Structures are given as C-alpha cells and as structure tokens.
Amino acid sequence: METTQILETIRMIEEENLDIRTITMGISLLDCIDSDSDKACQKIYDKITRAAKNLVRVGEDIEAEYGIPIINKRISVTPISIIAAASADEDYVKYAKTLDKAAQAVGVNFIGGFSALVEKGYQFGDDRLINSIPQALAETDFVCSSVNIGSTRAGINMDAVRHMGYIIKETAEKSDMGCAKLVVFANAVEDNPFMAGAFHGVGEADCVINVGVSGPGVVKRALEKVKGEPFDVIAEVVKQTAFKITRMGQLVGRIASQRLDVPFGIVDLSLAPTPAVGDSVAHILEEMGLESVGTHGTTAALALLNDAVKKGGVMACNHVGGLSGAFIPVSEDAGMIDAVNNGALNLEKLEAMTAICSVGLDMIAIPGDTSPETIAAMIADEAAIGVINHKTTAVRIIPAKDTKVGDMVEFGGLLGRAPVMKVNPYASTDFILRGGRIPAPIHSFKN
C-alpha cells in the first residue's frame with residue numbers, strides 16, 4: 001500500500017470509528033448427530049472448543065499487530081433443529097445450554113445457530129426447537145436464535161409466521177434480553193457473520209472464517225467533503241470508500257484464516273452502526289441532504305447508499321456474501337433514535353426502507369401489550385418484501401414489558417437503547433389465523 005493509503009486507514013480507525021465488526025467462525029455440527037442427546041451435546045461441546053480454541057487469541061493478536069479494532073469474535077453452527085432431530089427429547093434447551101457453555105469456554109461474544117428453517121414446512125425437530133426458544137434464550141447468555149419462515153422459491157409459511165408471533169411474546173415475558181437475540185428471516189443466507197441471525201449452512205465447508213466489516217462513520221466523513229455535489233459524485237465516493245473498507249476486511253479474514261488453518265469464507269460488506277457518536281447510517285443519509293432520516297427522499301438515499309456499497313465491495317473482494325448493504329437497527333443507531341423521537345421516523349417508513357436495506361425491522365421496541373397476531377403480521381409484511389424482491393428481510397422486534405409509546409428501553413453495549421414505537425392499533429387477527437402458505441411469486445420459477 002502507498003504511504004498515503006496507510007495514513008488514511010489509520011485516520012479512519014482513529015477518528016471515524018472504522019472497525020472489523022466481527023470475525024465469525026462457522027462450524028458444522030453434522031458429525032455430532034446422535035440419537036442420545038447427552039452424547040450429541042458432548043460431541044458438540046468438544047468440536048466447538050477444539051475448532052475455536054484459538055479464535056479469540058488470533059483476533060486479539062491481529063488487532064495488536066495491525067492496529068485494526070476487531071469488536072466481536074463469534075461462532076455460528078449448523079441449525080440445531082437439524083442436529084437435535086435425531087434425539088427423542090421433547091425440548092432442545094439442553095442443546096442451547098451446551099452451545100452457551102462452549103461459547104463461554106472459548107471466550108466468544110455470541111454463538112448463533114439455535115435455528116430452524118421452516119420456509120416450506122416443519123420437519124421433526126423444527127417444532128420442538130421453536131417451542132424451546134423462549135426458555136433457551138432465558139437460560140443462556142451467549143446463544144442467538146433464528147427462524148427462516150419464507151423464501152422466494154417456497155413462498156411464506158404462514159403457520160410458522162403465526163407460531164413466531166407467539167414465540168416472540170413468550171420470549172419477551174421470560175427474559176428482558178431474549179428478543180434481542182432472536183430474529184425471524186425470509187431468504188436467510190447460510191454465511192451471515194452477524195448476530196442474531198448467523199447460522200452455518202449445510203452447504204458450507206466443515207469450518208470457515210467469515211468477516212463482517214463496518215464503517216458508517218467513514219462513509220459520512222467522506223460525504224462531508226462533497227457537499228452540494230450531484231448524486232453521481234456521492235455514489236462514486238461511497239463506492240471508493242466501501243472498496244477501502246472491504247479491502248481491510250479481506251486482509252483480516254485472510255490473516256485469521258491462515259493462522260487458524262481454516263478456509264476463508266466471505267466478507268460481509270454491511271454498514272453496521274453502533275450507539276457510538278459518529279457511527280450512524282442515519283447520519284449518512286442526512287449528509288445527503290435530508291433534514292432528518294424518515295422524511296421524503298429517505299428510501300431513495302438508502303437505495304443509492306446500499307447499491308454503491310455493494311459495487312465498491314465486490315471490486316475489492318472476490319468472495320462477498322452474508323447480508324452486505326446497510327443495516328438500519330433503531331436501537332443501535334443514534335441518528336435513527338433521534339428520528340423516532342422527533343417524529344420523523346415511524347414503523348411504516350421503516351418498513352418501506354427495508355425494501356432497500358440489508359435486513360428489515362431490526363432492534364425495534366414496541367409496547368409490551370402488542371398482540372402476538374400483530375407481531376406475526378409485521379413478520380408477514382417483512383417476509384413479503386423479501387420474497388417478492390429476491391432479498392433477505394428479517395424482524396428482530398422487542399415487545400417491551402410494562403412500557404408505552406415514547407418510553408426508552410435500555411439494552412446496553414452494542415445493542416444500545418430503543419424508543420418504544422407506535423404500532424397500528426387495528427387488528428390483523430383474522431388474517432393471521434388463516435394459516436397455510438402464501439405461494440411463491442411467479443418470477444421465482446427460473447428453471
């Protein structure tokens with residue numbers, strides 16, 4: 001690298017919150033399947049602690065040697081509904097506790113994969129895993145859970161959508177943090193390094209390293225230098241900036257891969273905000289000329305940002321995957337919180353923005369008395385956006401107990417704080433109770 005590029009990267013790290021958001025090791029548990037759940041759990045613990053024993057140390061060594069902050073070290077595993085289906089256990093909390101124990105032993109921040117894939121229907125272990133989610137998340141500290149309820153090729157499993165409405169309510173009742181570790185997907189991807197939705201797909205290698213980059217502050221600072229310029233210029237600046245960020249992510253991934261003797265998987269290009277000042281996707285959009293995120297023009301600005309990030313990233317790295325784009329989690333983005341509090345941003349506008357961004361309704365607090373059917377209907381709307389548009393969408397929503405609209409819910413750390421948002425008061429109960437499956441869209445048939 002040229003001296004100017006090195007100095008520029010140092011400045012990005014020191015002044016603009018540039019970091020590697022996560023190194024995530026994906027581990028297959030398919031060889032841990034056993035009809036005896038005690039034996040299966042022992043195999044799971046042994047494999048995770050063996051494969052990931054050096055993950056945290058290697059991450060810390062790379063930080064120290066290269067001066068690149070690596071915020072999280074994480075693990076994703078094969079969906080546990082697949083692994084546990086061989087046993088006769090009535091619930092799978094035991095498996096979640098095993099994952100938690102293994103995560104604690106190797107020192108990672110989170111472990112994802114207490115998951116089920118039910119976009120077209122339930123297999124033996126799926127119902128039992130989903131019913132175990134509330135208790136599993138209440139009794140563990142590091143475990144994250146996800147359920148895929150729809151896909152462009154399969155349509156939307158409305159029975160699963162209804163089920164998840166009730167599971168989210170029960171999870172909120174059992175623990176304050178449980179819903180922050182639970183996400184409902186349409187078109188879930190198998191190589192996502194970000195929590196809470198990470199799991200290790202069955203099409204992946206036995207063990208891989210995936211990297212999630214960040215850098216909203218870097219993009220905003222770059223746009224400050226082109227005030228008043230046309231959108232062509234903005235797109236080019238974002239693209240060039242994303243190129244540099246992704247190059248750094250690829251460097252870290254390659255080094256971690258070599259030192260851990262594990263194949264390098266992908267770089268996820270997502271701009272992931274944090275509660276830190278100057279690390280907000282909302283502020284990038286406002287730098288384009290919006291008085292507040294949420295006003296008219298927000299969706300167009302987000303579309304430009306997301307597309308330019310992807311164009312810059314794919315030029316920088318051959319193996320791009322995960323979600324890749326811009327995240328808009330309300331609780332983790334100071335600009336989003338401000339927009340909700342000043343009345344510029346509501347759930348309906350957020351839903352429109354999710355047609356463009358990487359995920360969906362993410363880390364949003366709603367009143368605790370919201371009905372399960374209303375939550376299910378929110379999931380259905382997001383799934384429809386993903387299924388029709390060939391993209392990943394998700395819902396990570398928190399019915400906050402004993403709260404009303406306008407209250408603030410504190411999560412702490414990277415999860416931040418969330419204002420409780422107003423939900424449409426009109427019922428969707430009869431719609432949700434129909435069940436069945438919304439068919440796949442006609443344009444899904446590509447063969």
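In this chain, numbering begins with 1 at the start of the sequence shown. All of these numbers come straight from a predicted model, not from anything done at the bench.
Side-chain contact, Asn148 with Glu119: a donor N or O sits under 3.5 Å from an acceptor N or O. A donor atom on one side chain and an acceptor atom on the other are not found under 3.5 Å apart for Thr370 and Lys169. Counting only N and O atoms by type, the side chains of Ser151 and Asn187 include no donor and acceptor under 3.5 Å apart. For the residue pair Asn342 / Asp338, no side-chain donor-acceptor distance below 3.5 Å is found, with atom types taken as modelled. Ser28 and Glu204 form no side-chain donor-acceptor contact under 3.5 Å, judged by distance and modelled atom types alone. For the residue pair Asp333 and His283, no side-chain donor N or O sits within less than 3.5 Å of a side-chain acceptor on the partner.
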Between Gln42 and Asp38, does the side chain to side chain donor-acceptor pair (under 3.5 Å) criterion hold? Intermediate values first, please.
CA-CA 6 Å; Gln42 188 60 52; Asp38 290 331; over 6 Å; no
query: When you look at Ser292 and Thr295, which way does the side chain to side chain donor-acceptor pair (under 3.5 Å) test go after all the steps?
result: CA-CA 6 Å; Ser292 173; Thr295 190; over 6 Å; no
Step-by-step side-chain contact (heavy atoms from CB on, under 4.5 Å) determination, Phe327 to Phe194: CA-CA 11 Å; Phe327 288 176; Phe194 285 100; 3.8 Å; yes
Verify side-chain contact (heavy atoms from CB on, under 4.5 Å) between Val293 and Met336, making sure each step is shown before the conclusion. CA-CA 7 Å; Val293 69; Met336 295 289 180; 4.2 Å; yes
Would you please test Ser146 and Ser115 for side chain to side chain donor-acceptor pair (under 3.5 Å) and show each step? CA-CA 5 Å; Ser146 60; Ser115 306; 2.8 Å; yes
Practice prompt. Determine, stepwise, if the pair Ile27 / Ser76 fulfils side-chain contact (heavy atoms from CB on, under 4.5 Å).
Written response: CA-CA 6 Å; Ile27 303 172; Ser76 64; over 6 Å; no
Between Glu286 and Met288, is a side-chain contact (heavy atoms from CB on, under 4.5 Å) present by the stated rule, with each step listed?
CA-CA 5 Å; Glu286 290 167 358; Met288 294 186 196; over 6 Å; no
Check against side chain to side chain donor-acceptor pair (under 3.5 Å), His163 and Asn131: CA-CA 9 Å; His163 196 174; Asn131 287 330; 2.8 Å; yes
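Listed for the Thr393 side chain is a donor-acceptor partner under 3.5 Å among the backbone atoms of Glu382. A donor-acceptor contact shorter than 3.5 Å links the side chain of Lys391 to the backbone of Thr354. A donor-acceptor pair under 3.5 Å is formed between the side chain of Ser132 and the backbone N or O of Tyr92. The backbone N or O of Ile149 sits nowhere less than 3.5 Å from a side-chain atom of Asn157 that would complete a donor-acceptor pair.
Counting non-hydrogen atoms of neighbouring residues, nucleotides and ligands closer than 6.0 angstrom, the CD atom of Glu348 exceeds 12 such neighbours. Atom NE2 of His296 sits in a sparse spot, with 12 or fewer heavy atoms from other residues, nucleotides or ligands closer than 6.0 Å. Environment of CZ in Phe124: crowded, with over 12 heavy atoms of neighbouring residues, nucleotides or ligands closer than 6.0 Å. Lys422 NZ: 12 or fewer foreign heavy atoms inside a 6.0 Å radius.
Contact check for Val208 versus Phe264: no side-chain heavy atoms found under the 4.5 Å cut-off. Between Arg396 and Leu182, every side-chain heavy-atom pair lies at or beyond the 4.5 Å cut-off. Counting heavy atoms from C-beta on, the side chains of Pro134 and Ile167 come closer than 4.5 Å. Under the 4.5 Å side-chain criterion, counting only non-hydrogen atoms from C-beta, Lys404 is not in contact with Val420. Residues Val320 and Ile266 are not in side-chain contact: their nearest non-hydrogen atoms beyond the backbone lie 4.5 Å or more apart. Taking the side chain as every heavy atom from C-beta outward, Cys207 and Met25 approach each other to under 4.5 Å. Side-chain contact check for Ile80 versus Leu29: some heavy-atom pair is nearer than 4.5 Å.
When every heavy atom of Val77 is checked against every heavy atom of Ile75, the shortest pair comes out as CG1-CG2, 3.9 Å. In terms of heavy atoms, Gln250 sits closest to Asn318 at OE1-N, 4.1 Å. Closest non-hydrogen pair, Gly165 versus Ile379, comes out as N-CD1, 4.4 Å. Minimum heavy-atom separation, Thr152 to Pro441: O-CD, 3.5 Å. Here the closest non-hydrogen pair linking Leu269 and Lys310 is CD1-CA, 3.9 Å. Between Met195 and Gly112, the shortest heavy-atom distance links the atoms CE-N, 3.3 Å.
To the nearest 0.5 Å, atoms CG (Asp191) and CZ (Phe199) are separated by 9.0 Å. Here the straight-line distance linking atom CG of Leu129 with atom CG of Asp89 works out to 12.0 Å at 0.5 Å rounding. Atom OG of residue Ser331 and atom CD1 of residue Ile398 lie 6.5 Å apart, to the nearest 0.5 angstrom. Rounding to the nearest 0.5 angstrom, the gap separating the CD1 atom in Ile364 from the CE atom in Met421 is 6.0 Å. Between the CE atom of Met378 and the OG atom of Ser428 there is a distance of 10.0 Å, given to the nearest 0.5 Å. Taken from CD in Glu373 to CG in Leu433, the straight-line distance is 5.5 Å, to the nearest 0.5 Å.
Electrostatic pairing of Glu332 and Arg21 does not count as a salt bridge here, judged by no charged N lying under 4.0 Å from a carboxylate O. Classification of Glu90 and Arg128 as a salt-bridged pair holds, one side-chain N sitting under 4.0 Å from a carboxylate O. Using a 4.0 Å cut-off between a side-chain N of Lys or Arg and a carboxylate O of Asp or Glu, Glu139 and Lys97 qualify as a salt bridge.
With sequence neighbours excluded, no residue forms a ring-ring contact (aromatic ring centres under 6.0 Å, His included) with His319. Here Lys43 pairs with Asp34 under the side-chain hydrogen bond (donor to acceptor under 3.5 Å, both in side chains) rule; sequence neighbours left out. Not counting sequence neighbours, the partners of Asp126 by the side-chain hydrogen bond (donor to acceptor under 3.5 Å, both in side chains) test are Ser81.
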Side-chain donor-acceptor pairs under 3.5 Å in residues 301-308, sequence neighbours left out?
{"from": "Asn306", "atom 1": "OD1", "to": "Ala326", "atom 2": "N", "distance (Å)": "2.6"}
{"from": "Asn306", "atom 1": "ND2", "to": "Ile356", "atom 2": "O", "distance (Å)": "2.6"}
{"from": "Asp307", "atom 1": "OD2", "to": "Lys311", "atom 2": "NZ", "distance (Å)": "2.7"}

Using residues 98-111 as the side-chain source, report each donor-acceptor pair under 3.5 Å to any protein atom, sequence neighbours left out, with the distance given to one decimal.
{"from": "Thr98", "atom 1": "OG1", "to": "Lys94", "atom 2": "O", "distance (Å)": "3.0"}
{"from": "Asp100", "atom 1": "OD1", "to": "Asp141", "atom 2": "N", "distance (Å)": "3.0"}
{"from": "Asp100", "atom 1": "OD1", "to": "Phe142", "atom 2": "N", "distance (Å)": "2.7"}
{"from": "Asp100", "atom 1": "OD2", "to": "Asp141", "atom 2": "N", "distance (Å)": "3.2"}
{"from": "Asn109", "atom 1": "OD1", "to": "Lys73", "atom 2": "N", "distance (Å)": "2.7"}

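Sorted by first and then second residue, the side-chain hydrogen bond (donor to acceptor under 3.5 Å, both in side chains) pairs involving residues 174-186 (not counting sequence neighbours) are Gln135-Lys174.
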